[in-house]
Amino acid sequence: MASPAGRGLMSYNAAISRCARAGLYPRALALFREMRAQGLRADEYTLPPLLNSAALLLAAPAAAALHALLLRAGLASHLHVANALLDAYAKLSLGRAARAVFDEMPRRDVVTWTSLLAGLARAGAHAAAARAYRGMVGAGVAPDEFAVAAALSACAGATALEAGRSVHAAALRLGLAAFLSVGNSLVSMYAKTGALRDARAVFDAMRARCAITWTALIVGYAQNGRGARSLEVYADMVRAGCRPDYVTFVGLLFACSHAGFVDAGRAHFRSMTADYGVAPGPDHYACMVDLLSRAGRLEEAMDLLIDSAELDATVWKALLGACRVHRNAELAERAAEMVWRLDPTDAVPYVMLSNLYSRARRWGDVARIRALMKSRGVTKEPGCSWVGVSGVMHLFHVEDRGHPRASEIYRKLEEMTERIRAEGYVPDTDWALQDEAPEGKERGLAYHSERIAVAFGLLAVPAAAPIRVFKNLRVCGDCHTAIKMVAKAYDREIILRDANCFHHMKDGDCSCGDYCLN
DNA sequence: CTAGGGTTAG
């Protein structure tokens, strides 16, 4: 892009804005330096695209420097500038700085609130994101289609179906439901909260659809154990003349992997480049590694990686997962090494290795991995599960006795175990990770957070309604078996959403076809 | 000439 050397502030502003829009962020910042060298000062039009560029370059020092500069220039209370600053801090995951900017703002509009909301949702602070949405409405700021889309996405991330429904209702009231972005986020929200029929209904009613719409539905079916449906939707997408993009293929390969469609996965992997000119990225390789290794083709997965130029931690983690399935400790250690080379504080490889050694009963190696983890100061996220009952969330940790109805819950838990034992349940202590006596391991498994949550669900959820349990990590294999049997023994539908996918459990079967497990 | 959103995901 031509440099507007020698011209005035407005030419620079226009050029910087064009660069930022075109994704030429370093160029935008370079133009700013050039502009200052000529003695020109940034104004309220210069700063927003610069802040945006700094954020998207993940250049926190640049953002802080721009912050100092705009304070000196007296632009801190300019609404556009403050909004851009808030959003930059949010995009840089500097939550405290973002919050401070927000708190200091003398005026806030729908953009301010949307930046805050989206930033909180990105950071995984779902409850705070929900508060931001209510705060916006409470402050008398009417949500627009951007705000509604962001709010729905936050609901999806929190798997908060009821909150999502109420935002949907608000969107209808405000006349925003016909926006493509709102439709897209509705499809995704309903699919991610397990309400597939609603997702489909919104999809069918949409007047216009884009690749995002189709991708949301493809992924939705895959996450809910309906991989064959995902492939049908993809076929419809192509038939409708909509061009699949990078993300569509991630979703499609994810669907193939989840459903165990090896041939279809291989074919689509070839087709993405050959027919659509989409170069495979790390995400696609990770899906393929997952797909091939689950089908027992670890060799083929390795061959694929040798051909690929783009390898990142995602791919190595997928390979690590494959090694766990195949109990291949040597390869797993190598894959873990590769992840650590990129980020030594990533907890995933430690947990995976520890799991693998535990299943092989190699307790010495389990202890070694734990010690390594401790010495490097790495902590893993503690597992927890939660159930919503009439709008109240009940959260449980392992062996949690903090709930007001704890003694009742534990009696139910004992009863659950008795009933499934009578049906032939045998605890699979391979999933108990402690090196301890067998009966201790069984106890540990029986008191996993997901099981406590299910016991509570049996007590507190009306018999006709499905019990919806959420877990922040993946469900363990033993709990998966046990909860399937509980669903049958108590004739209840149990929907367990874990970090990986949905498990619709009914009559002793699960929608994941046990494929999600290792 | 300026600010926010919607699809991936281990």
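Treat the numbers as computed from the prediction; the structure is a model and nothing was measured. The sequence lines fix the lettering, A, B, ..., with proteins before strands; numbering per chain opens at 1.
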Checklist outcome for this item: note: I218(A), atom CD1; dA9(B), atom P; distance rounded to Å ~ 12 Å

Checklist outcome for this item: Here the distance between atom P of dG10(B) and atom NE2 of H284(A), to the nearest Å, is 14 Å

Checklist entry - With a 4.0 Å cut-off on heavy atoms, is R209(A) in touch with a base, just the backbone sugar-phosphate, or nothing at all? => result nothing

Next on the checklist: Less than 4.0 angstrom between a side-chain N/O of K192(A) and OP1 or OP2 of dT8(B), yes or no?
Outcome noted: yes

Item to check | Check: W340(A) ring centre within less than 6.0 Å of Y350(A) ring centre | outcome: yes

Next on the checklist: Whole angstroms only, please: what is the CG-P distance between L180(A) and dG6(B)?
Outcome noted: 13 Å

Checklist entry - How would you label the contact of V182(A) with the nucleic acid (heavy atoms, under 4.0 Å): base, sugar-phosphate, or nothing? => result nothing

Checklist entry - L51(A) and side-chain contact (heavy atoms from CB on, under 4.5 Å): which partner among D87(A), L70(A), L86(A), N83(A)? => result L70(A)

Item to check | Closest nucleotide among dT8(B), dG6(B), dT2(B) to the V247(A) side chain | outcome: dT8(B)

Next on the checklist: Classify A151(A) by what it touches in the nucleic acid, base, sugar-phosphate, or nothing, heavy-atom distance under 4.0 Å.
Outcome noted: nothing

Item to check | R474(A) side-chain proximity, nearest of dG10(B), dT7(B), dG4(B) | outcome: dG10(B)

Checklist entry - Between S358(A) and N355(A), is a side-chain hydrogen bond (donor to acceptor under 3.5 Å, both in side chains) present by the stated rule, with each step listed? => result CA-CA 5 Å; S358(A) 173; N355(A) 256 305; 5.9 Å; no

Checklist entry - When we call it a touch if two heavy atoms are under 4.0 Å apart, what does L47(A) touch: a base, just sugar-phosphate, or nothing? => result nothing

Next on the checklist: Measuring to OP1 and OP2 of dA9(B), would you say a side-chain N or O of T314(A) lies under 4.0 angstrom away?
Outcome noted: no

Checklist entry - Going by atom types only, do Y234(A) and H268(A) share a side-chain donor-acceptor pair under 3.5 Å? => result no

Checklist entry - With sugar-phosphate meaning primed atoms plus P, OP1 and OP2, does V348(A) contact a base, only sugar-phosphate, or nothing at under 4.0 Å between heavy atoms? => result nothing

Next on the checklist: For dC1(B), is there a stacking contact with Y45(A), counting only centres under 5.5 Å and planes under 30°?
Outcome noted: yes

Next on the checklist: Given the structure, check if the side chain of D144(A) and the base of dG4(B) hold any donor-acceptor pair shorter than 3.5 Å.
Outcome noted: yes

Next on the checklist: Apply side chain to side chain contact (heavy atoms under 4.5 Å, CB included) to residues R239(A) and D236(A) and explain how you reach the verdict.
Outcome noted: CA-CA 5 Å; R239(A) 220 172 292 137; D236(A) 289 342; 2.9 Å; yes

Checklist outcome for this item: Exactly one of H448(A), E450(A), H503(A) clears side-chain hydrogen bond (donor to acceptor under 3.5 Å, both in side chains) with K471(A), and that residue is E450(A)

Next on the checklist: When you measure from the side-chain N and O atoms of S153(A) to the phosphate of dT7(B), is any distance below 4.0 Å, counting only OP1 and OP2?
Outcome noted: yes

Next on the checklist: Checking contacts here: which listed nucleotide (dT7(B), dG4(B), dC1(B)) is nearest the side-chain heavy atoms of M10(A)?
Outcome noted: dC1(B)

Item to check | Shortest side-chain distance from D283(A), nucleotide among dT2(B), dG10(B), dT8(B) | outcome: dT8(B)

Item to check | Closest to side chain of A216(A), choosing from dT7(B), dG4(B), dT2(B) | outcome: dT7(B)

Item to check | Donor on one side chain, acceptor on other, Y221(A) and E232(A), under 3.5 Å | outcome: no

Checklist entry - Which listed nucleotide (dT2(B), dG6(B), dG10(B)) is nearest to the side chain of P49(A)? => result dT2(B)

Checklist outcome for this item: Side-chain atoms of A14(A) come closest, of dT2(B), dC1(B), dA9(B), to dC1(B)

Next on the checklist: Mind checking if R122(A) touches a base, just sugar-phosphate, or nothing, with heavy atoms under 4.0 Å?
Outcome noted: sugar-phosphate

Checklist entry - What is the distance from OH of Y285(A) to C1' of dT8(B), rounded to the nearest Å? => result 17 Å

Item to check | Proximal nucleotide (of dC1(B), dA9(B), dG6(B)) relative to the F254(A) side chain | outcome: dA9(B)

Next on the checklist: So if I take every side-chain heavy atom of V111(A) and compare against dG4(B), dT7(B), dA9(B), which nucleotide ends up nearest?
Outcome noted: dG4(B)

Item to check | Closest nucleotide among dA3(B), dA9(B), dT2(B) to the D109(A) side chain | outcome: dA3(B)

Item to check | d(CG, L252(A); C1', dT8(B)) in whole Å | outcome: 12 Å

Item to check | Length of the CG-P vector between D290(A) and dG10(B), whole Å | outcome: 8 Å

Checklist entry - Between dG6(B) atom P and W214(A) atom CH2, what is the distance in whole Å? => result 22 Å

Next on the checklist: Rounding to an integer number of Å, can you tell me how far L85(A) CG sits from dG4(B) C1'?
Outcome noted: 14 Å

